Amino acid sequence: MSTRQLDKTYDPKSVESRWYQTWEAHGYFHADPGDPGQPYCIVIPPPNVTGSLHVGHALNHSLQDILIRWRRMQGRNTLWLPGTDHAGIATQNVVEKQLMAEGASKESLGRERFVERVWQWKAASGNTIINQQKQLGESCDWDRLRFTMDEGLSRAVVEVFVRLYEDGLIYRGERLINWCPRCLTALSDIEVEHEEIKGKLYSISYPLEEDPQTVLTVATTRPETMLGDTAVAVHPDDPRYNSLIGRLVRVPLTRRSIPIVGDPILVDREFGTGAVKITPAHDFNDFEAGERHNLPRLAIFDHQALLDPAGLKAAEVEDDIAAAVTGLPVVKARPKIEQALRDRGFLAKVEDHKMSIGKCYRCKTIVEPYLSPQWFVKIKPLAGPAIDAVEQGHIRIIPEGWINNYLGWMRDIKDWCISRQIWWGHQIPAWYCRSCNRRFIHEETTQGPAGTPITRVTLLQGATPIVARSTPAQCPSCAGSDFLRDPDVLDTWFSSGLWPFSTLGWPDRTPELETYYPTSTLVTGLDILFFWVARMIMLGLKFMDDVPFRDVYIHALVRDAEGQKMSKSKGNVIDPLHVMDQYGTDALRFTLASMASPGRDIKLAEERIEGYRNFANKIWNAARFSHLYLDGPRHQTALEERSFPDRWIISRLNRTIETVNAELESYRFDRAAGALYQFMWHEYCDWYLELIKPTLQDPSHPEAPAARQTLAETLEIIMRLLHPFMPFLTEEIWQTLPHEGDSVMVQSYPSADPAKHAPAMEQRFALLEQAVGLIRTARVLLNYTPGQPVDFAVTHDEMTRRRQLEELRPHLERLGRGRFETGSLSGPSADKRLRLVTEGLSVAIRVTGDVDLQKALGRIVKQQEEQEKEIVRLEGKLRNQEFTAKAPLEVIADHRQRLASLQGDQTMLASSEEQLRVMLGA
RNA sequence: GGGCGGAUAGCUCAGUUGGAAGAGCGCUGCCCUUACAAGGCAGAGGUCACAGGUUCGAUCCCUGUUCCGCCUACCA
């Protein structure tokens, strides 16, 4: 037992790093497949390797650590597998910015040296978030730290790619894809963020070839694309236009004529003019329409979304127009085209129009639909089993409300564009024989700004890839051996999609994989449900033939940046590092847990954290209190021989244990935290510690040894119960309490024991609480200071309760601060008394000295009025219930009893107003 | 356009089989009572968004309306 002195306030800083180091040094975080216990495994959603901990991480990680510590203490073979993600575009962008500041570029460095540079950046900053995670107390198995681009995971990526290719589920094809003209790469559909903006709807008139006086007017939000039109579509059933189908119209500002086609899919007769221009190279719908009608694709923008001279030439744009717009970005070309159309009388109308634009999720640049050869995963065959897994309950999604979201998206899923034209990431394992593919490979070398040669490789559609696990030795067609590797890398989510099994050693059959797959729970935010969770399910089912996890717990989002709720410009961003520093890690963790209620976003206020900091301090002081008294002898006493407060608090603690376990089982972190808070503060500290003070403070008290025992026991159990939520504080306190073992984090988690349930004690406590409450209220009414002793009498309508009150005498006297007078309470008396009554319980306080009568009367009268209203309401309700006889009997009985007790109170109070004046000498 | 969620005390939010409206913070009053003023005790404060409906009874179930938020979508 320790008798160390504890400071008056809890100082998190002095304990946190110390305990973390101790835990780590003892290997408590490490899990081994050979360990006993049913496996419990969580793989962490890998944060960006170069990132730093924000409040969203703090929430996500706190919840996982709570589950992990809880399960570990329950004796499960518990693994929390940590790691980081290479975050392709995001990381590349960061390093590119650094280079730009140095006056260099990735091109001037060349691919190899650039990638090397990113690795350096990763080495320098990659530990930042790991250290911050440790600061948060995360009990990850750091021995197993993985990175999506480390050797093992890269091997898994190649393996998956090759197998999918061999199964015909990966293909290369020229499609219209979302293209970021700043990052110069393709993006998948979900990497595009849509935003609604106010745009214009332009109506443009296309003259008929054979009859230029007649025009066909189409509507578009992007007039600049009209230069690349290759048809105009109308609805085949539209009587206004269907006779025109097959005729030609002239494309304004060009020397071309294009056909009018009938297309019921593309055209909505009701919208605009009922005629639509088709630009297959620059619009997704038009691309598909173009395929239906075998239309040529005229690309007039280049990869930077600039008007391309070659494209303009191919589109036969009139020379003066071409000269005016060549090299301009889309937004600058638009007004020029608009003006030209207007000048030449082709612009029929311009009106305001709401439209949505897509932005790159990394750099917020407006994406352009762009025609280019890319790699795709054929997704439907993978999505089917992933839908079944959730529908059949092999994977539980919590809260259930998101299931439909998931299913809806999965059923409507489109092929996944997985190639990215960047350098940082897993390079696609495909090679091209230079001799066979000569005409498809364009290698262009130019002089860079620093005079360094910059080589740009373009692989055209039509090139024949050889997909393999390593560089092929020989071309199977021509036996050539000069290969060009596909320069593209994979979507960053491709590798993270393998996370649950690649991190456990796949494709090898490791003991880890055998033991921990499928993992138990995935804790994640909604924002990556499609990016990540869906892909893990599809790929896990495909390659492991089993779900990657049993439960998916989706927590609320803490919004920041553009998310209205929290933004740097508003200055309301909460930095978890700052919070931990100021209030302590445990306070932050407890706050996040208590706010993690399902289905609502978290709006974190700093005051809330402060409140839980105070809670930590409260616990700290309860421990300090115990140390004042724990040094005396303690007796192991049978439960039924312990005192009323002991048995009561043991019963309540047992109930709290039951609640916390049940709530954690159903991922209700908020309720678990709430139960702990309520119990610890308002039952343990406010009542239990107060109740046992007299016993403890009297060294000769016969019950003292048993009380000391209960105090030590309960506090030790509470520290274990609280540990997953507040690991540092509980360890620090637990170490000072009588205990066995080296650390609280490897002790058993408390479990409820029905034998400790004591309803009689809880009922007795309720009576005590009510009586003390009345006494205290009466004291305040009479303006007595808290310390001033009073004489009071307490009684109850029921005999058994009267007897109990008598037994509670010492507690009543202590907590009521006064003397419990026995004897009659009712009837006229020479003494002046203030009497308060509720539910059969009656308290009278002797009035001495000067009191603020007006105040007392005012309050009582007000209370009385409210009671009268309540009585009227209840009477009416009860009459109705008795009349219709449709309400359950117990409800009627309840109401009757309540009414009776209210009426009793009321009578007492009504008669006492006059009485009071007399009694109080008014 | 479709789907989902929210609207409860000044603020942030609980309230799951429909049966007397809750917490934290903030506020008011009294207390430096030997664990804790980051505290104790006692309070004030709500026609549970609006309008209907079902029911003996609705914050809760149904319908509609208004206002927010999110996801999703090719309406040119």
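All chains are named by letter (A, B, ...) in the order of the sequence lines, taking the proteins before the strands, and each is independently numbered beginning at 1. From a predicted model like this one, the values you see are computed outputs, not experimental measurements.
Side-chain N or O atoms of A/Asp283 include one that pairs as donor or acceptor with a backbone N or O of A/Asp286 at under 3.5 Å.
If you find the closest nucleotide of RNA chain B to A/Gly773 and to A/Tyr629, the one lying nearer the 5' end belongs to A/Tyr629. Comparing A/Ala275 and A/Pro888, the nucleotide of RNA chain B nearest to each residue sits closer to the 5' end for A/Pro888.
The side chain of A/Lys8 contributes no N or O atom lying less than 4.0 Å from OP1 or OP2 of B/G39. Contact annotation: A/Asn621 does not reach the phosphate of B/A38 (side-chain N/O to OP1 or OP2, under 4.0 Å). Between A/Thr777 and the phosphate of B/C41, there is no side-chain N or O to OP1/OP2 separation shorter than 4.0 Å.
Ring planes of A/Phe615 and A/Phe590: tilted class, angle from 30 to 60°.
Residue A/Glu690 is classed as a base contact, given a heavy-atom separation below 4.0 Å to a base. Contacts of A/Lys414 with the nucleic acid, taken as non-hydrogen atoms under 4.0 Å apart, are absent. When heavy atoms are screened at a 4.0 angstrom cut-off, A/Leu529 is found touching no nucleic acid atom at all. Contacts of A/Arg776 with the nucleic acid, taken as non-hydrogen atoms under 4.0 Å apart, involve only primed sugar atoms and P, OP1 or OP2.
Distance A/Asn617 CG to B/C25 P: 13 Å, rounded to the nearest Å. Between the CG atom of A/Asp268 and the C1' atom of B/G1 there is a distance of 11 Å, rounded to whole Å. Nucleotide B/G1 holds its P atom 12 Å from the NE2 atom of A/His353, rounded to whole Å. Rounded to whole angstrom, the span from the CG atom of A/Leu526 across to the P atom of B/C4 amounts to 15 Å. The CZ atom of A/Phe883 sits 15 Å away from the C1' atom of B/G57 (whole-angstrom rounding).
When the options A/Tyr677, A/Trp681, A/Tyr10, A/Tyr583 are evaluated for a ring-ring contact (aromatic ring centres under 6.0 Å, His included) with A/Tyr612, the one that passes is A/Tyr677.
Between the base of B/C74 and the side chain of A/Asn285 there is a donor-acceptor pair shorter than 3.5 Å.
Distances were taken from every side-chain heavy atom of A/Asn405 (C-beta onward) to each of B/A14, B/C71, B/U12; the shortest belongs to B/C71.
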